[in-house]
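Nothing fancy with the numbering, it's 1 onward along the sequence. Below, all heavy atoms of this structure are taken into account, side chains as well, without hydrogens, waters or symmetry copies.
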Amino acid sequence: MPDWKSESELATDSLITIKLLHALMGLYGWEFIISLDFDWAILTGKRKFRWPLTFYFAGRYLLLFAIIASLIGFDTPATIELNCQALYVFSEFAGDAAVGLACINLSLRTIAIWSKNKWIIGSLVLIILGHWSLILQGVPVSATWVPGVGCTIVEGDPTITIAIFVYSMCFDFFVLCLTAYKLAWNPRRARSSPLHTKLARMIFADGLVYFIIAFLANLTATIFMILDLNAVMGILFNAPAAVASTIMASWAVRRLYNFDLGTTEVYHSDQQPTSFRGPQPPQVARLTSEPAIIHVGVDTVSEAHPLSDLEAYRIRKPESDSLSSNGDDEQKPPKAL
C-alpha cells in the first residue's frame, strides 16, 4: 500500500492527472468538432433556435473552457507564475456546472412529456434549483503556484463536490423513472403502449444510455472523493464524469432536435406500423356499372398521448369502407334481372 500523502506519490498522481486531462481533451475535442456543424447551423440561423438549446450550448462550451483552463495550469512552464487559485476555481466550477446542465438537458425532455402535469413539472424545477444551490456554493479546492514546480493543489474539501455528484445520480434516476412510467408503464396499463413508435423508443433509449454512462462515471468520481486518498486523487475522476455526462447529454439533445417530425406513423390493429410522408391522396370512385364504393379516411388525434407536446406523434385510423348516403346522388348497385 503506497503512502498516498507522500511527496513522491503526489507527484506521480499529478502526472497521471495531466495525462488523463490530455486524453479527455482529445476525446472531447473530437466530439466537439464532429458536431460543430449543428452549432454552426443554429448560430447562423440556418436552423431554428429554441430556448432549451441555451442549456445545451452553456454546458457544451463551459466544459470546453474548463478543460482548457486545467491544461493551462498544468502545461504552463514552472518559470511563469500563474494565478493558480483562479484557474482551478474556474475549472472546478465550470466542470460542476456542466454536470448540472447535463441533468437539465435530460430533465427538459421529461418536462415536455409531462407538460400536462403541473405537480411533476414543479417537482423537477425544485430539484433543479436544489442541484444548483449546491453547485453555486463554491469550489472547495485550494491551489498555489510553487516556484520551479508550477500550480499545485494544496488541499481540498470534497464534501460539496460529493453532494453534487450524489445529487446528480439521484436526479438522473428520478428523471429516468418518470420517463419510463410515462412512455411505457402507464400506457401499457391502458393497453396502448406507445413504445412501438420511433420517437418514444428514441427518447427512452437515449435516457437509459445517458443514465447508465453518467451514473457509472459519477459513481467512480464519488468513490474516490469519499476515499480521500490525497488532494489529487480526490478530484482525479471529476473531469471524466463531467465529460461523459456532457457528451451523452449533448448527443441526446441533437438526436431529439434532428428527429424527422415530418414522418407520420400509421397504426393498424392487425399489423406493424408503417411510415409515410405528407397527406395521402384521396381515392376517387370510378363511374362504371360496378357498385361505387367511396373510401373515407378518418384522422383522429390522441389527446392523452404523452408525446403530444413534442409535436411528433399522430395516430391515423385505418381507412374503412362505407357507402355514400347523399340521397339522390347515391349510386345503388344494379338489381338482378
#### Entry: Geometric class of the F171/H131 ring pair [parallel <30°, tilted 30-60°, perpendicular >60°]
perpendicular
### Task
Flag yes if W51 and L62 sit in one hydrophobic cluster, no otherwise; membership is Ile, Leu, Val, Met, Phe, Trp, Tyr, and two members link when side-chain heavy atoms are under 4.5 Å apart.
yes
### Message
Just verifying a value: how many Å separate I120 CD1 and K182 NZ, rounded to the nearest 0.5 Å?
### Response
9.0 Å
## Note on the structure
What one should report as the nearest heavy-atom pair of S133 and Q137 is O-CG, 3.0 Å
### Task
Nearest 0.5 Å please: distance from the CD1 atom of I235 over to the OG atom of S70.
8.0 Å
### Nearest-0.5 Å distance, CD of residue E81 to OG1 of residue T76
12.0 Å
### Message
Run the side-chain contact (heavy atoms from CB on, under 4.5 Å) test on F49 and T54 for me, step by step, so that the C-alpha distance in whole Å, both residues' side-chain angles and the decisive distance to 0.1 Å come before the verdict.
### Response
CA-CA 9 Å; F49 175 81; T54 304; 3.5 Å; yes
### Query
Below 4.5 Å, heavy atoms only, C-beta onward: do D13 and L236 meet side chain to side chain?
no
### Query
Once you round to the nearest 0.5 Å, how far does CG of D75 lie from CD1 of I72?
9.0 Å
### Query
Side-chain contact, heavy-atom cut-off 4.5 Å: M233 with N230?
yes
### Query
What are the two closest heavy atoms between A180 and F204, and how far apart are they?
CB-CE1, 3.4 Å
### Message
Would the distance check show the side chain of W132 and the main-chain N or O of I127 forming a donor-acceptor pair, the cut-off being under 3.5 Å?
### Response
no
### Qualifying ring pair (Phe, Tyr, Trp, His ring centres under 6.0 Å) pairs, either residue in residues 24-43, two or more places apart
F32-Y61, F38-Y56, F38-Y257
### Message
I'd like to know whether N83 forms a side-chain contact (heavy atoms from CB on, under 4.5 Å) with L87, so could you lay out the CA-CA distance, the side-chain angles of the two residues, the decisive distance to 0.1 Å, and finally the verdict.
### Response
CA-CA 6 Å; N83 188 347; L87 277 175; 6.0 Å; no
### Message
Starting from F74, can I reach W145 by hopping between I/L/V/M/F/W/Y residues whose side chains sit under 4.5 Å apart?
### Response
no
## Note on the structure
Here the pair of heavy atoms bringing E9 nearest to W4 is OE2-CZ3, 3.3 Å
### Shortest non-hydrogen contact between L20 and P240, atoms and distance
CD2-CG, 3.9 Å
### L176 and its side chain to side chain contact (heavy atoms under 4.5 Å, CB included) partner, picked from F211, F215, Y181
F211
#### Entry: L63 CG to I68 CD1 distance, which is reported to the nearest 0.5 Å
10.0 Å
#### Entry: Main-chain N/O of Y88 paired with S91 side-chain donor or acceptor, under 3.5 Å
no
### Query
E92 and N238: side-chain contact (heavy atoms from CB on, under 4.5 Å), yes or no, with the steps?
CA-CA 9 Å; E92 198 71 16; N238 291 9; 3.2 Å; yes
#### Entry: Hphob cluster co-occupancy, I135 + L126, side-chain heavy atoms under 4.5 angstrom
no
### Message
Could you go through M169 and L219, starting from their C-alpha distance and side-chain angles, then the distance that decides it, and tell me whether this counts as side-chain contact (heavy atoms from CB on, under 4.5 Å)?
### Response
CA-CA 8 Å; M169 290 187 289; L219 180 63; 4.0 Å; yes
### Query
Is the backbone N or O of I162 less than 3.5 Å from a side-chain atom of Y167, with the two atoms forming a donor-acceptor pair by type?
no
### Task
Measure across A163 and L134 and return the closest heavy-atom pair with its distance rounded to 0.1 Å.
O-CD1, 3.9 Å
#### Entry: Backbone N/O of V243 and side chain of T246: donor-acceptor pair under 3.5 Å
no
#### Entry: Backbone N/O of I247 and side chain of R60: donor-acceptor pair under 3.5 Å
no
### Message
Would you compute the distance between atom OG of S168 and atom CG of L106 and round it to the nearest 0.5 angstrom?
### Response
11.5 Å
### Query
Taking side chain as C-beta onward, heavy atoms only, is S245 less than 4.5 Å from N218?
yes
### Task
Could you pull out the closest heavy-atom pair between A94 and A66, with the gap in Å?
CB-CB, 3.5 Å
### Task
Evaluate whether atom NZ of K5 has more than 12 neighbouring non-hydrogen atoms of other residues, nucleotides or ligands under 6.0 angstrom away.
yes
### Evaluation steps, side-chain hydrogen bond (donor to acceptor under 3.5 Å, both in side chains), between R47 and N258
CA-CA 10 Å; R47 306 192 65 176; N258 292 328; 2.6 Å; yes
